[in-house]
Number of protein chains: 2
Amino acid sequence: MTTPSGVEAELGWALGTVTRAHLRAAQDVVGGLPGGPRGYQVLAAAATGEAGSQLALGRQLGVDRTVMTYLLDELEQAGLVARTPDPADRRARRITLTESGQARLCALERSLRAAEDDLLAPLDSGERAELRALLLRVATRVGGPAITCTEAEALS
Amino acid sequence: MTTPSGVEAELGWALGTVTRAHLRAAQDVVGGLPGGPRGYQVLAAAATGEAGSQLALGRQLGVDRTVMTYLLDELEQAGLVARTPDPADRRARRITLTESGQARLCALERSLRAAEDDLLAPLDSGERAELRALLLRVATRVGGPAITCTEAEALS
DNA sequence: TATTGTTATACTCTATAACTATA
DNA sequence: TATAGTTATAGAGTATAACAATA
């Protein structure tokens, strides 16, 4: 394989292109799910109960809190998630999966994995794992738990 | 490092998070450049003369042709690019860099590389190269030259 | 008839600001 | 006073449709 030149040698171009392709593939898979691919991410996050509030959930997903409201409205109306007040802080709402939401999530996970493998077809299985691992390491530093600390420090 | 769970184990989450972070960093770097990060990508593509038309350029960058018009209007008005009619097909316009555009591009490239290295700080230099290479391989299959063929076939 | 580029319009998505309730 | 969530509004960004020039 020759070394690419011009835009096609750019990290930004590669990131944008792969992300767009992944988004298109995900959109096909999630079909009529409220909120599309992001709705799926909300379900996945709610399943593990990682985020204790809508705000934290939004930060994790890179979504504004006002958008989270609409997103959760749709998912709640579809009977996939429930908003329960946090006993410790009654301003905050904990997002939990309903049984229906749990089932939907499980069904989607497998199709999504298949779509991702299709997207990563140019790579062998070892390389796919490596790409996932590398991206994850960058992401967790940049936008994952670390960002909460960074923001907390910046606010103090 | 422990294996992440939930959304943070998802390829889609990692891609989105890293792409957003890269976009933020790029936006800081390109500053007042017309079109922001995408304006830079147009300059980078024009520098090598890869794309023979606005339409091809848009496809390469994942941008609608109507958006390309506005984008190029701004860049042309800023004296960074020029639209010259293609002698072979007078409907198409070839996008070329002006001297000013060339200088601007060179100046931006270094700052952008620095910002990207900062983004990829969690990885050592070997891993950064590997991540770039893996992403590039997926992107060139999915959205690069291959997409032109795919779309051409789909249209026939 | 199909395609490149332009323009105008409409639509979607997102952010901003104001409000309520809790802290 | 500050924060979580909601709502309404305004703004940015994007796509759709109609048009002119060329193939």
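Treat the numbers as computed from the prediction; the structure is a model and nothing was measured. In what follows, every chain begins at residue 1, and chains take the letters A, B, ... in the order their sequences are listed.
Each of B/Thr66 and A/Thr66 has a nearest nucleotide on DNA chain C; the 5'-most of these lies closest to B/Thr66.
C/dA15 atom P lies 11 Å from atom CD of B/Gln27, rounded to whole Å. The distance from atom CZ of A/Arg59 to atom P of C/dA15 is 14 Å, rounded to the nearest whole Å. When rounded to the nearest whole Å, the span between CG of B/Leu72 and P of C/dG5 equals 9 Å. Between the P atom of D/dA21 and the CD atom of B/Gln54 lies a distance of 17 Å, rounded to the nearest Å. The distance between atom CG of A/Leu55 and atom C1' of D/dA2, rounded to the nearest whole Å, is 13 Å. Straight-line distance from the CZ atom of A/Arg93 to the C1' atom of D/dT6: 9 Å, rounded to whole Å. Between the CZ atom of B/Arg65 and the P atom of C/dA2 there is a distance of 14 Å, given to the nearest Å. Rounded to an integer number of Å, the gap from OH of B/Tyr70 to C1' of D/dA12 is 13 Å.
The CZ atom of B/Arg38 sits 10.5 Å away from the CD atom of B/Gln27 when rounded to the nearest 0.5 Å. The distance from atom OG1 of A/Thr19 to atom CG of B/Leu15, rounded to the nearest 0.5 Å, is 4.5 Å.
Between A/Arg83 and A/Asp73 a salt bridge is recorded (basic side-chain N to carboxylate O distance below 4.0 Å). The pair A/Arg128-A/Asp117 meets the salt-bridge criterion, with a side-chain N (NZ, NE, NH1 or NH2) lying under 4.0 Å from an Asp/Glu carboxylate O.
Candidate nucleotides D/dA15, C/dT7, D/dT7 were compared by shortest atom distance to the side chain of B/Thr69, and C/dT7 ranks first. The B/Ala92 side chain lies nearest to C/dT4 when the options are C/dA15, D/dA17, C/dT4.
Taking side-chain N and O atoms only, B/Arg83 has no distance below 4.0 Å to OP1 or OP2 of C/dT4. Taking side-chain N and O atoms only, A/Arg90 has no distance below 4.0 Å to OP1 or OP2 of D/dT3.
Not a single donor-acceptor contact under 3.5 angstrom links the side-chain atoms of B/Arg91 to the base of C/dG5.
Across all strands, B/Ser53 comes closer than 4.0 Å only to sugar-phosphate atoms, never to a base (heavy-atom distances). Among the atoms of the strands shown, none is found under 4.0 Å from any heavy atom of A/Arg94. Within the nucleic acid shown, A/Asp86 has no heavy atom closer than 4.0 Å to any nucleic acid atom.
Heavy-atom minimum distance, B/Ile95 versus B/Leu72: CD1-CD1, 3.7 Å.
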